[in-house]
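Bear in mind that the values here come from a model prediction, so they are computed numbers and not experimental data. Numbers restart at 1 for each chain; the letters A, B, ... are given by sequence-line order, proteins then strands.
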2 protein chains.
Amino acid sequence: MAVYQHNTRILVALDCIIFGFDGESLKLLLIKRNFEPEYGKWSLMGGFLNEGEDLEEAAGRILYNLTGLRNNYLEQLQTFGTVYRDPVERTISVVYYSLVNIADQDVAAIQAHNASWISLDSKPTLIFDHDQMVTVALQRLRYKAALHPIGFELLPSKFTVPQLQKLYEAIYGTQLDRRNFSRKIMATDLLLSTGEKDTNSVTKKGQLYTLNSDRYRKYLDGYYTFLPELAELSGG
Amino acid sequence: MAVYQHNTRILVALDCIIFGFDGESLKLLLIKRNFEPEYGKWSLMGGFLNEGEDLEEAAGRILYNLTGLRNNYLEQLQTFGTVYRDPVERTISVVYYSLVNIADQDVAAIQAHNASWISLDSKPTLIFDHDQMVTVALQRLRYKAALHPIGFELLPSKFTVPQLQKLYEAIYGTQLDRRNFSRKIMATDLLLSTGEKDTNSVTKKGQLYTLNSDRYRKYLDGYYTFLPELAELSGG
DNA sequence: CTAGAATTGTGTCAAAAACACACGTTCTTG
DNA sequence: CAAGAACGTGTGTTTTTGACACAATTCTAG
């Protein structure tokens, strides 16, 4: 213990950026704070790192407390550590981002935390440096989703190709050609036909697919230029 | 201040993974520790975060102290925070990686820290979780270098196309076709001819180029499938 | 001082991938 | 049951990739 005696110990926080997709637009799960500091303002869900707790574990705990979900896609984004980012006391924040199937959420838990799903288009200003965190997270999501098929994490287990396309269009804020999109996705061999059809569709009912998990895992290691046309839209 | 009173403050360390290239193989700048703990063993260069110091700033300071270099490519890699990663006391480590032109180093500073350049092939076992950090860093380097032209950061300001190719071969541990490599690099418009020739070459002297910085910056935002054939070699 | 080895620069061609666009089908609504 | 909307599959052209050939430069060995 004596060896590190003279160094400063610092508060370590975690913040979670939780992405969801409702079929139309990309959403964030945000909290309207009913606690200090910054009472009444919007922020990301966060908390402090506990003794005896791994970083990854802490991020999972925070995510679970808010959404009732475990085993979601959860990835460390970046650590933010400018000196005055938290005006109360110097705190560095290890930020994770998560992709969630919005249908699986625990509504009660979310309400208890005074949280709601907000469209990225109508995102309010957040406290501290949380806006910057969201910017970086969105950039990362765009970057990764063009190279790895992580988009599926935002969809229900059964989905149609047009739904998947709408998701990508929401992530990148762009329009894609239906026919080329379909061809490319099919070429990846990532979709397994269920034989069922989408009963919710208002017009023609599309075919429902599930994800081919074995193939999915292969695409997560290494990368694959999923959607080349999105390259310029992905921040570096 | 009172608001965060009950939370634990933790030691925050920084570790730097410093990559260099000597024309033949990819190297790491490692330290043979002549201080406690783990006296006599190999480790990454590191230090603690000071009060009043940004994370980025601290990483730059550590890099500068060791190499005498500033303004290198320096990117946050990941934060490592399992509970017992440092046996002395709980410490989380924010890890940065840096790309350095090996010729610019401050030899005296490096010797003073008992550091040396070690080929990745002959890397010794490092203390704590530093081996894991290096693994992740190499993965990241491979990932990024296939999509962004960051390889140039490891070369002198004037270089030949074959030198650049040797660098990529060292990063990915593979052989590339000289003719296709050249064609692709030239197509990026990233190289500016200097008119000079490489006087060090033993056989035919290659043309020396410099980096087109404007174009380089464009390639850092967004991405570009620099070397498609390396996709599978890049960890996700 | 010349032949040969090593390395560098430029070119060609076939295969594959990307992109733009067309047509037929299914389902709901009025 | 006709019209509109969304879904599914196909086709041709252009661009990019990957495999490979040949010529030019420079040092060295005999």
Side-chain angles (χ1 to χ4, degrees), chain A residues 23-24 146-147 149 155 158-170 172 174-209 219 222-234, chain B residues 23-24 146-147 149 155 158-170 172 174-209 219 222-234:
Chain A
E24 285 302 321
L147 298 167
L155 291 177
K158 294 179 185 178
F159 54 87
T160 67
V161 174
Q163 276 168 23
L164 183 63
Q165 182 179 345
K166 282 220 180 71
L167 167 61
Y168 276 96
E169 291 179 338
Y172 294 96
T174 189
Q175 296 285 105
L176 297 171
D177 185 286
R178 196 164 37 85
R179 297 150 297 189
N180 292 333
F181 183 85
S182 174
R183 178 165 40 75
K184 282 181 203 171
I185 294 296
M186 288 314 189
T188 63
D189 215 29
L190 274 164
L191 302 194
L192 292 172
S193 180
T194 64
E196 303 168 57
K197 295 199 169 184
D198 180 19
T199 51
N200 295 325
S201 176
V202 240
T203 61
K204 180 176 178 183
K205 284 129 170 44
Q207 279 217 47
L208 285 170
Y209 293 90
Y219 277 108
Y223 64 79
Y224 172 80
T225 307
F226 228 64
L227 299 164
E229 57 196 306
L230 301 176
E232 280 117 54
L233 302 174
S234 314
Chain B
E24 286 302 321
L147 298 166
L155 292 176
K158 293 178 185 180
F159 53 86
T160 67
V161 173
Q163 277 169 23
L164 183 63
Q165 181 180 347
K166 283 220 178 73
L167 168 61
Y168 275 96
E169 291 179 339
Y172 294 96
T174 189
Q175 295 285 103
L176 298 171
D177 185 286
R178 197 165 34 86
R179 297 152 293 190
N180 293 333
F181 182 85
S182 174
R183 174 163 44 78
K184 282 180 203 173
I185 294 296
M186 287 314 188
T188 63
D189 215 29
L190 274 164
L191 303 193
L192 292 172
S193 180
T194 64
E196 304 168 56
K197 294 197 169 185
D198 180 18
T199 50
N200 295 325
S201 176
V202 235
T203 61
K204 181 176 177 181
K205 284 130 170 45
Q207 278 218 47
L208 286 170
Y209 293 90
Y219 277 109
Y223 67 79
Y224 173 80
T225 308
F226 228 65
L227 299 164
E229 56 195 307
L230 301 176
E232 282 115 55
L233 302 174
S234 314

Does any donor-acceptor pair link the side chain of B:Arg179 with the base of D:dA21 at a separation under 3.5 Å? yes

Contact list (N/O, under 3.5 angstrom) for nucleotides 1-7 of chain C vs protein:
unit_1 : atom_1 : unit_2   : atom_2 : d
C:dT7  : O4'    : B:Thr203 : OG1    : 2.8

Only counting residues at least two apart or in another chain, list the ones meeting side-chain hydrogen bond (donor to acceptor under 3.5 Å, both in side chains) with B:Asp198. B:Gln163

Taking only residues two or more places apart in sequence, or in another chain, which ones meet A:Thr188 in a side chain to side chain contact (heavy atoms under 4.5 Å, CB included)? A:Leu190, A:Tyr219, A:Tyr224, A:Phe226

Across all chains, not counting sequence neighbours, the side chain to side chain contact (heavy atoms under 4.5 Å, CB included) partners of B:Pro162 are B:Thr160

For A:Lys197, enumerate each residue passing the side-chain hydrogen bond (donor to acceptor under 3.5 Å, both in side chains) test, keeping only those at least two apart in sequence or located in another chain. none

Between A:Leu208 and B:Asn180, just flag the one whose closest nucleotide in DNA chain D comes earlier from the 5' side. A:Leu208

Ignoring backbone atoms, establish whether A:Lys205 has a side-chain N or O less than 4.0 Å from OP1 or OP2 of C:dT28. yes

Can you list everything that forms a side chain to side chain contact (heavy atoms under 4.5 Å, CB included) with B:Gln165? Sequence neighbours excluded, please. B:Glu169, B:Leu176, B:Arg178, B:Phe181

Side-chain N,O (B:Lys197) to OP1/OP2 (C:dT8) below 4.0 Å: no

Under the rule for side-chain hydrogen bond (donor to acceptor under 3.5 Å, both in side chains), what residues qualify as partners of B:Arg179, not counting sequence neighbours? B:Asp177

What is the distance from CG of B:Asp198 to P of C:dT8, rounded to the nearest Å? 9 Å

Can you tell me the distance, in whole Å, between the CD atom of B:Glu229 and the C1' atom of C:dA17? 16 Å

At a heavy-atom distance below 4.0 Å, what parts of residues 181-196 of chain A sit against DNA chain C? A:Arg183, A:Lys184

Could you check how far CG of B:Asp177 sits from P of D:dT16, rounded to whole Å? 19 Å

Working to the nearest 0.5 angstrom, can you tell me the gap between A:Leu164 CG and A:Ile185 CD1? 5.0 Å

Using whole Å, report how far CG of A:Asn200 lies from P of C:dT28. 12 Å

Mind checking what makes salt bridge (Lys or Arg N to Asp or Glu O under 4.0 Å) contact with B:Glu24, not counting sequence neighbours? none

Tell me, with the steps shown, if A:Gln207 and A:Val161 meet side-chain contact (heavy atoms from CB on, under 4.5 Å). CA-CA 8 Å; A:Gln207 279 217 47; A:Val161 174; over 6 Å; no

